[in-house]
Each structure stands twice: as structure tokens, then as C-alpha cells.
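Only one structure is covered here, and it is reproduced in the block below.
Values below: every heavy atom of this structure, side chains too, minus hydrogens, waters and symmetry copies. Quantities reported herein were computed from a predicted structural model and do not represent experimental measurements. Each chain gets a letter, A, B and so on, in the order its sequence line appears, and its residues count up from 1.
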Amino acid sequence: MIRLDAPIFHLKKVVKSSREPLQDFTGPLDLILHLLEKNKIEIQDISVSFILDQYLAYLQKRQQMDLEIASEFVAMAAHLIYIKTKMLLNAAHQGPPSEMEELVRSLEQRRQGEAFGKLKETANLLGENYNQGVNCIVKPPEPPKSAAPLSLKHCPEDLDKAMAQLFSRMVQRTPPPMCIFEQIVPQDPYPVETKADELLSRLVQSGPSSLSALFRGSQSRTELVAAFLALLELIRMRRIRLEEGKGGYAVRLASSLKKQKNITPNIENFS
Amino acid sequence: MEIKDIECLLEGILFAAGDPVSQERLCKTLKLDQKTVDTAAKHLSEQYKLEHRGIRLLKLEGTYQLCSAPEYAECIRQILNRNKPPRLSSAALEVASIVAYYQPVTRAYIDQFRGVDSAYTINLLLERGMIVEDGRLAVPGRPILYRTTNAFLRVFGLSSLEELPELPQNGEESNH
Amino acid sequence: MEIKDIECLLEGILFAAGDPVSQERLCKTLKLDQKTVDTAAKHLSEQYKLEHRGIRLLKLEGTYQLCSAPEYAECIRQILNRNKPPRLSSAALEVASIVAYYQPVTRAYIDQFRGVDSAYTINLLLERGMIVEDGRLAVPGRPILYRTTNAFLRVFGLSSLEELPELPQNGEESNH
């Protein structure tokens with residue numbers, strides 16, 4: 001990963017006083033809040049597109065990014081767009097106080113808050129410490145050298161209890177009575193064998209058929225499934241052939257069987 | 001056990017642990033009184049500094065932790081291919097300070113104090129392990145309380161919260 | 001840089017790394033030749049041993065690594081373990097019980113008994129040495145059979161399998 005220092009953002013167009021030095025702020029939102037606080041800019045003057053342009057240019061420049069910085073940008077951009085949207089909407093409808101007004105008011109409150117001012121001073125003091133403190137690098141715990149089966153401690157009764165629990169679960173697991181399923185599966189599955197018979201006699205009587213026609217007239221889901229399985233099995237046994245035609249697939253009897261009459265398919269237990 | 005042996009054992013334990021180990025647990029397991037453990041720790045710590053060793057012993061609010069000597073940080077990062085943690089933004093510093101001085105605090109309290117929504121910054125500090133959730137306040141909504149961690153003390157070069165610089169006087173009294 | 005400084009720096013680097021660090025990387029980043037690095041490492045390693053320090057320096061296949069001194073292993077384990085002795089999860093207890101009472105058993109048998117997939121738990125018990133593989137069942141697929149070990153007996157304070165508590169009454173007869 002490319003190592004990135006926090007980028008510097010220039011907000012020349014929106015900064016009213018040129019005397020304010022452009023500081024190397026860690027995030028653009030920080031910079032904006034700082035400037036707002038010092039009355040150097042007004043939130044109305046912030047051109048969202050201007051900042052977004054810088055942001056996008058920055059993204060293009062860096063293929064690999066420090067995710068932390070990138071996420072700060074995304075958060076900032078989203079925040080600004082939100083404020084701007086609220087502003088635009090409020091210009092048209094005189095609604096409740098806008099986010100912008102709230103922000104400005106909260107900034108004023110913030111200026112008034114003495115406690116906060118003092119805390120900020122102290123925070124800056126702490127910030128200097130931080131630059132030292134981050135250089136104390138800690139290490140991850142050492143992986144245990146040996147598995148610790150010996151330090152495990154159980155009494156034999158734990159085994160007993162575990163078994164009792166298992167047995168009680170097993171009782172619960174005895175299969176539910178069939179009557180519960182009667183509603184769900186109202187009839188026996190359609191036998192594949194019967195379906196295969198049907199399909200063959202239909203092909204013998206009416207000649208080749210389209211694939212979909214063979215499924216038509218099925219009364220239930222299981223009959224459909226049976227038809228599908230029967231088709232597969234008949235193809236496997238080379239009784240019928242599936243051919244691709246213009247309008248889709250056609251099913252015809254395999255030529256060797258065409259002349260035979262009364263074919264009884266010999267499909268073994270695959271239903 | 002002589003004090004020298006205790007020092008060596010302490011070194012081994014703290015090395016293996018990596019994380020801070022509480023004084024209490026050390027005393028209990030080694031069957032030593034607090035004073036002995038503390039003397040050994042202090043001596044070990046001084047020795048590290050005196051001999052310009054590559055490691056340092058930190059005392060953080062009733063716990064001990066080893067860390068690398070700060071003067072080698074740059075070289076270590078280079079070898080291990082690690083980035084220097086980004087500077088804390090002033091927002092993060094503010095939130096960390098509010099939590100440090102007034103802990104345990106709720107998010108609403110921090111928001112009110114700063115006059116802006118601090119959700120993003122609180123999450124950042126949580127991710128960096130500098131603050132943790134510490135129960136909930138017994139009021140409607142049961143908001144989460146936050147407090148600082150040992151990692152906070154470490155990165156701010158403090159060995160306990162008592163070492164926080166005093167706030168300038170006539171600070172307002174405040175509630176959560 | 002003097003050899004003493006290199007030693008201290010090496011200590012700091014290896015401490016922060018935790019994992020092994022290759023000689024090559026050390027030489028390259030510190031801009032030192034292999035011999036110098038090796039001399040410093042050897043000296044540091046000897047010093048650790050001589051002074052009965054809590055850490056040791058290992059050289060393994062062109063890498064260096066710090067680890068805690070083996071003579072303190074038991075003590076370290078005691079401290080770093082949680083306060084209460086670790087216990088098996090209820091899943092692990094169930095699997096251990098099934099193996100204990102019905103051994104040798106296959107995984108399929110355990111799965112069926114518990115009604116859930118037990119692969120992870122079986123591996124855990126294998127890793128902990130509480131069960132071992134014991135041949136294969138002579139059926140298609142030749143599934144592995146498991147039985148309990150002496151370590152299992154030790155953990156449960158049993159001197160033989162005959163001392164296992166009697167099974168609860170409603171125990172069903174079952175086959176593999």
C-alpha cells in the first residue's frame with residue numbers, strides 16, 4: 001500500500017480572508033468546520049462540486065489508497081451533499097430550520113461553550129503526547145506453546161450430563177407422525193414407470209411430439225417430476241430421441257423401436 | 001524468589017502476553033505482594049531505559065505492558081512494512097478528551113459538548129481501541145456509555161488517568 | 001552504528017514483529033552486512049541465556065524470532081489462562097461422551113447421534129489429544145474410527161474407562 005499522508009485541501013475560492021494560513025488538516029471536514037468556526041467562510045459559499053472535483057481528482061491519482069483517508073473523504077462528501085441538498089430544498093419551501101441553520105447555530109453554541117474551549121486547549125496538549133505515544137509499538141500475544149489438555153478440568157459427571165442431554169434431544173427428534181404431512185403431500189408420488197408407459201404409447205400412437213407437449217396435461221407437481229424423470233430414463237435407455245428443431249425440441253421414438261408394437265418399457269426401480 | 005528472578009519472569013510473562021497484564025493477576029499467580037511486583041517492574045523498566053534497550057515497560061492503570069522503544073519506531077515500521085498510524089484529527093482529539101475527562105459518557109453528551117454530531121469520530125476511536133463501550137446509562141433509551149482504554153493511556157503517554165493535564169479552572173459542571 | 005546499538009535495535013524490531021523476521025530483510029533495511037547482523041543476534045541471544053532473561057532469541061532457517069523463555073512456560077500459561085480452568089464446550093463434551101461410551105465410533109455415527117455435523121468438534125478434540133483415530137470400519141468408504149485417549153481420562157479425573165458413570169436409563173441401543 002502506498003503510504004499517504006493526509007492530503008492538503010485548498011479552499012481558496014471559499015476562504016474570505018487570505019491571511020488565514022492553509023493548514024495541513026487531517027480531513028477536509030475538519031478544515032471546513034474550522035473555517036466556519038472562525039467566520040472565515042459561510043456554509044452557503046461552499047461549492048460542493050468544487051470539493052468533489054478535488055476529491056475525484058485525488059481518487060484518480062491514487063489507485064491504491066489508504067482506506068482510512070479514503071473513507072474520511074467519502075464521509076465528508078456525503079455530509080456536504082446532504083447539507084447542500086437541504087439548503088436547496090429549503091430555498092424553495094420555507095420549512096423547518098435547515099441543517100445549515102442548525103449547523104451554524106450549533107457552531108455558535110460551540111463558540112459560547114467555555115468548557116469546550118478549555119477542553120480543546122487540553123486536547124491539543126494531549127495531541128502532542130500522541131505523536132510520541134504512537135511510537136510505542138506493542139506486539140500480539142504469543143501463541144500458546146502447547147495445547148493445554150492438562151489444564152482442562154472436568155468431572156466424570158459432566159459426561160453423564162452430556163449423554164442425558166443427548167438422549168433427551170434424541171427423543172425430541174423421533175420423526176413426527178405421518179398425519180402431519182397429509183396436508184402437505186396429499187397423494188403418493190406419481191410413479192415414474194407409469195409415466196414412461198404413458199409417454200411411449202403416446203409417441204407410438206401420435207408420432208413425434210414437441211418436448212413441452214409431453215408435459216402438458218400433467219395434473220400435479222409429482223406427475224411433472226415423473227414425466228421429467230421418465231424422459232431422462234427413456235433417453236438413457238435409447239427408447240426415444242431428443243432432437244433440436246426450429247421450434248424447440250422434438251421427441252421421437254428411436255428408429256429401431258418404431259416398427260415394434262406394444263412396447264413395454266423395462267424400467268427398473270428408479271421411482 | 002529473588003527480585004532479579006522476578007524481573008526475568010515478569011519479562012517472560014509480559015512478552016508472551018503482548019497485551020497489558022493486570023498487577024492483581026500477577027500477584028495472585030506468582031503469590032507475591034503488590035510491592036514486590038511493583039519494585040521488580042520498576043527496576044526492569046529503568047534497566048531497559050538505562051541500557052537503551054529495544055523494549056520498554058509501561059505501567060498503565062494497574063497493568064503492565066511491554067512495547068518497543070519509541071526511538072526505534074521508524075526503523076521498526078520500515079522493516080515490518082507498517083504505516084505510521086495517521087495523526088488524530090482535532091475532532092478525534094476532542095472526543096477522546098471529552099471521554100477521558102468525563103467518563104463514562106454517552107454519545108449524546110459528547111454531541112452536546114461539541115455541538116456537532118460525533119458518531120463518526122466515536123466509531124473511529126472505537127475502531128482504534130482508544131475507547132470502549134462500558135455498559136449503558138439507566139435512562140430511557142439506555143444509551144451506551146464510553147470510557148477510555150489502556151491503549152488510550154499508552155498512545156497519550158500516560159500511566160493513569162490521574163496524569164491527565166488539569167483542565168483550566170472555572171470549568172462548568174455538567175451532566176450526562 | 002556500534003554493535004551494541006544494533007543489538008538494541010534488533011531487540012526492538014524482533015519484539016514488535018512477534019513473528020520471525022528474515023536475516024535478508026534486516027540486512028537490507030538496516031544497510032548492514034549479514035555478518036554484522038548475525039554477530040549482534042548471536043550476542044543478544046547469549047546475553048539472554050546468560051542473564052536468565054525472560055525472552056530468548058531463536059535463529060531458524062535464515063530468520064530471527066523472539067520468544068518467551070521455555071523455563072517460564074508453565075508460569076506464563078497459568079497467568080495468561082483465564083481465571084477459571086478452561087472447560088470444553090457443551091458440543092465438545094457431547095462428542096467426547098459419545099466417543100467414550102460407544103468407542104470406537106465413526107464420524108457418521110457421532111453426527112447421527114447428535115443430529116448435527118460434528119466435524120469441527122471432532123477435530124478440536126483430536127487437536128487437544130482427547131481422542132485419536134483408531135483404524136477404519138470395514139464398510140464401503142472405510143470411515144475412520146475414533147476412541148478416547150489417556151489425556152481424556154486425565155481431564156475427567158478417571159483412571160480407566162470402567163470408571164465412566166453409568167449411562168442414563170433411557171439409553172437406546174444403537175449401531176454404528
Cut-off 4.5 Å, heavy atoms of chain C, and the answer for B/Ala69 is neither
| said: Less than 4.5 Å apart, side chain to side chain, heavy atoms only: is that true for B/Cys75 and C/Leu30? | reply: yes
On a heavy-atom basis, the closest approach of C/Cys8 and B/Glu51 is SG-O, 3.8 Å
If you tally heavy-atom pairs under 4.5 Å between each of B/Leu26, B/Ile76, B/Val21 and chain C, the highest tally belongs to B/Ile76
In terms of heavy-atom contacts, C/Leu9 and B/Tyr72 come closest through CD1-CD2, 3.4 Å
- Message: Quick check: do B/Asn81 and C/Arg25 have side-chain heavy atoms less than 4.5 Å from each other?
- Response: yes
Bottom line for C/Leu66: the part with an atom under 4.5 Å from chain B's heavy atoms is both
For B/Glu24, I'd like to know if atom CD has over 12 heavy atoms of other residues, nucleotides or ligands within 6.0 Å. no
Honestly, the part of C/Leu14 sitting under 4.5 Å from a heavy atom of chain B is neither
So, the part of C/Lys4 with a heavy atom under 4.5 Å from chain B: the answer is side chain
More than 12 foreign heavy atoms under 6.0 Å from CD of B/Gln34: is that the case here?
no
Subject >> Exceeds 12 heavy-atom contacts within 6.0 angstrom, atom CD of B/Glu71 >> reply: yes
Counting heavy-atom pairs under 4.5 Å with chain C, the top scorer among B/Gly18, B/Ser68, B/Ala73 is B/Ser68
When rounded to the nearest 0.5 Å, the distance separating CZ of B/Arg56 from CZ of C/Phe15 is 11.5 Å
Among B/Leu80, B/Ile55, B/Ile13, B/Ile79, the residue with the most heavy-atom pairs under 4.5 Å to chain C is B/Ile79
